[in-house]
Structures are given as C-alpha cells and as structure tokens.
Amino acid sequence: MPRSGAEARSRLKQAALELYRENGFDKTTTAEIATRAGVTERTFFRHFPDKREVLFDGEADLREDLTQSVAEAPDGLAPLEILLRAFKKAGRIMERNLPFAEPRRDLIASTPTLRERNLAKAATLAEALAEALRQRGVEDRLARLAAHAGWATFHHATQAWISDPTRNLDDYLAEAFADLRELGAEVQAGQ
C-alpha cells in the first residue's frame, strides 16, 4: 500500500495509463485501476472524481500557474508576449511529465470521451487566460482572441515537442509564436 497521498495518486495515474493502453479507456474500470495501484477503489475516488480525470490531473495547478504568470508579467508587453512568457514557465510542468504525455496524447486522440474533455479543458484554460489579460487592462475582444490563439499555439508547440523531445519545449514555443506573428503579418500585408 502506498504510504502517502502523493504516492497513491502517482500509482493510480500510472496504473490507469497502463490499463487504458492495455484494454482501452472504455473497458477499464476504476476498480481495476485501484487494484493495479494497490489501493482501494475508495482511495481512487478520494483522488479523482472519475476515470477521465486521471489523465487531466494538474489542470487546476496549470491554470493557477498560467494566470499568476500573466498577472506578474512586466508592464508594457503585448498580450501574446505575456502569454508566451507564461507558457514557457508552465512548460516546466510539461517537461517533468514527458513520460506520461505521449501515451496520454494518443489515448485522448483515440477516445471520443477524452477528446471532448480535452476540448473542455482547453476552453476553460483559454477563458482563464482571457480573464487574466482583462485584469491587466487588455480590452475584452483582444483578451479573448489572444488567449484562444495563444492556447492553440501552446497546444501546437507541445504536441510537436511530445513527438520530438530532442529539442526543448521553449524552442518549440518560440517557433510556434514566431509562426503566429508571421501569419498575422501576412494578413496585415494582404489588406
């Protein structure tokens, strides 16, 4: 039996990932996850409200980290620059979770229920970022656009990094945000 809550949580995440890969998400039960992790099903539910949330653990911490980074960014930066700084800081969390990231990505891509949950997570995080930008005085329409475009760019960069972690995540983020700026410049030039 795990001795700490953090250890139990970690074992539950690992057990769930193994079982989802072996049997598929839909065919895996919380009881099977708990058994594989060496805990009771009741312990599973102390840590996670359902079997989907095992794959989305840390969402609240990520949201808090991102919004705090936006709030603490130096004055005078454009919204996308603020977001890039926040995403680079949050990237440290992603780097620690790389072994979990690739199988998680593949499970989400192959499971409609998880894709739906992932879209809900993206929307929630983008709205939190928009609110953090509004708190800095960014106009609502610009805050929303920057937050959603920034989140999509962050997602694009992290997916590229998960596929090829030979470069660090900061490189992928810098490249993706440079591409976003270039796309914006093309629109400006075409007007």
Side-chain angles (χ1 to χ4, degrees), residues 2 4-21 25-26 28 30 33-34 37 39 43-73 79 82-135 143-144 146-163 165 169-170 172-173 176-177:
S4 73
E7 183 182 345
R9 190 175 197 86
S10 177
R11 287 177 59 167
L12 285 163
K13 286 171 62 174
Q14 185 60 42
L17 187 60
E18 290 169 3
L19 286 164
Y20 295 161
R21 292 176 82 186
F25 174 81
D26 293 327
T28 300
T30 56
I33 295 168
V39 299
T43 298
F44 176 93
F45 286 112
R46 276 192 211 118
H47 290 277
F48 303 103
D50 62 48
K51 68 181 189 174
R52 291 179 315 165
E53 294 310 307
V54 173
L55 296 173
F56 296 94
D57 188 40
E59 180 181 339
D61 292 337
L62 177 60
R63 183 175 50 249
E64 174 63 30
D65 189 54
L66 287 169
T67 56
Q68 182 176 350
S69 292
V70 168
E72 294 172 352
I82 293 169
L83 293 174
L84 176 56
R85 290 172 61 97
F87 291 138
K88 283 184 174 182
K89 184 178 174 201
R92 305 298 79 81
I93 296 168
M94 301 286 295
E95 289 170 342
R96 288 192 303 268
N97 291 318
L98 181 59
F100 192 71
E102 185 175 14
R104 177 188 176 276
R105 177 195 63 188
D106 295 345
L107 280 165
I108 290 170
S110 66
T111 310
T113 303
L114 297 175
R115 284 195 311 268
E116 180 182 338
R117 173 63 180 88
N118 199 46
L119 289 171
K121 171 189 169 184
T124 298
L125 288 169
E127 285 305 313
L129 288 168
E131 178 57 28
L133 289 170
R134 283 191 292 271
Q135 293 292 324
R144 284 177 172 273
H148 285 274
W151 181 259
T153 306
F154 175 68
H155 181 73
H156 175 79
T158 58
Q159 297 308 299
W161 170 72
I162 290 167
S163 295
L169 180 53
D170 280 358
Y172 285 106
L173 284 166
F177 273 80

Subject >> Verdict with reasoning, Arg11 to Val39, per side-chain contact (heavy atoms from CB on, under 4.5 Å) >> reply: CA-CA 9 Å; Arg11 287 177 59 167; Val39 299; 5.8 Å; no

Measuring from atom [atom1] of [X] to atom [atom2] of [Y], what distance do you get when rounded to the nearest 0.5 angstrom?
{"X": "Gln68", "Y": "Glu64", "atom1": "CD", "atom2": "CD", "answer": "5.5 Å"}
{"X": "Leu17", "Y": "Thr28", "atom1": "CG", "atom2": "OG1", "answer": "10.5 Å"}
{"X": "Thr113", "Y": "Ile108", "atom1": "OG1", "atom2": "CD1", "answer": "11.5 Å"}
{"X": "Ser163", "Y": "Tyr172", "atom1": "OG", "atom2": "OH", "answer": "8.0 Å"}
{"X": "Phe154", "Y": "Gln159", "atom1": "CZ", "atom2": "CD", "answer": "9.5 Å"}
{"X": "Ile33", "Y": "Thr43", "atom1": "CD1", "atom2": "OG1", "answer": "13.0 Å"}

[X] versus [Y]: any side-chain heavy-atom pair under 4.5 Å?
{"X": "Leu12", "Y": "Val54", "result": "no"}
{"X": "Glu53", "Y": "His47", "result": "no"}
{"X": "Leu83", "Y": "Leu133", "result": "yes"}

Please find the pair of heavy atoms, one from [X] and one from [Y], that lie closest to each other, and give the distance.
{"X": "Ala143", "Y": "Ala130", "value": "CB-O, 3.6 Å"}
{"X": "Leu114", "Y": "Leu107", "value": "CD1-O, 3.9 Å"}
{"X": "Asp26", "Y": "Thr111", "value": "OD1-CG2, 4.4 Å"}
{"X": "Glu95", "Y": "Trp161", "value": "CA-CH2, 3.6 Å"}
{"X": "Val70", "Y": "Ala86", "value": "CG2-CB, 4.1 Å"}
{"X": "Leu66", "Y": "Ala90", "value": "CD2-CB, 3.6 Å"}

Does [X] have more than 12 heavy atoms from other residues, nucleotides or ligands lying within 6.0 Å of its [atom1]?
{"X": "Glu72", "atom1": "CD", "value": "yes"}
{"X": "Arg115", "atom1": "CZ", "value": "yes"}
{"X": "His156", "atom1": "NE2", "value": "no"}

**OP:** Give me the one residue out of Arg92, Lys88, Arg85 that meets salt bridge (charged side-chain N to carboxylate O under 4.0 Å, His left out) with Asp170.
**Re:**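 Option passing the salt bridge (charged side-chain N to carboxylate O under 4.0 Å, His left out) with Asp170: Arg92.
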
Subject >> Audit row: Leu62, Leu125, side-chain contact (heavy atoms from CB on, under 4.5 Å) steps and yes/no >> reply: CA-CA 8 Å; Leu62 177 60; Leu125 288 169; 4.0 Å; yes

**OP:** List in chain and number order the residues that pass side-chain contact (heavy atoms from CB on, under 4.5 Å) with Gln135, two or more places apart in sequence or in another chain; answer none if no residue qualifies.
**Re:**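 With sequence neighbours excluded, Gln135 shows a side-chain contact (heavy atoms from CB on, under 4.5 Å) to Glu131, given in chain and number order.
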
Subject >> Row check, Phe56 ring normal vs Arg104 NZ/CZ: under 6.0 Å, within 45° >> reply: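 So Arg104 does make the cation-pi contact.
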
Subject >> Check: Lys121 main-chain N/O paired with Asn118 side-chain donor or acceptor under 3.5 Å >> reply: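 Flag not set: sc Asn118 to bb Lys121 has no pair under 3.5 Å.
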
**OP:** Only counting residues at least two apart or in another chain, list the ones meeting ring-ring contact (aromatic ring centres under 6.0 Å, His included) with Phe44.
**Re:**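 For Phe44 the ring-ring contact (aromatic ring centres under 6.0 Å, His included) partners, ignoring immediate neighbours, are Phe48.
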
Original post:
Between Arg105 and Thr158, does any side-chain donor sit less than 3.5 Å from a side-chain acceptor?
Top reply: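 Arg105 vs Thr158: no donor-acceptor pair found between side chains.
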
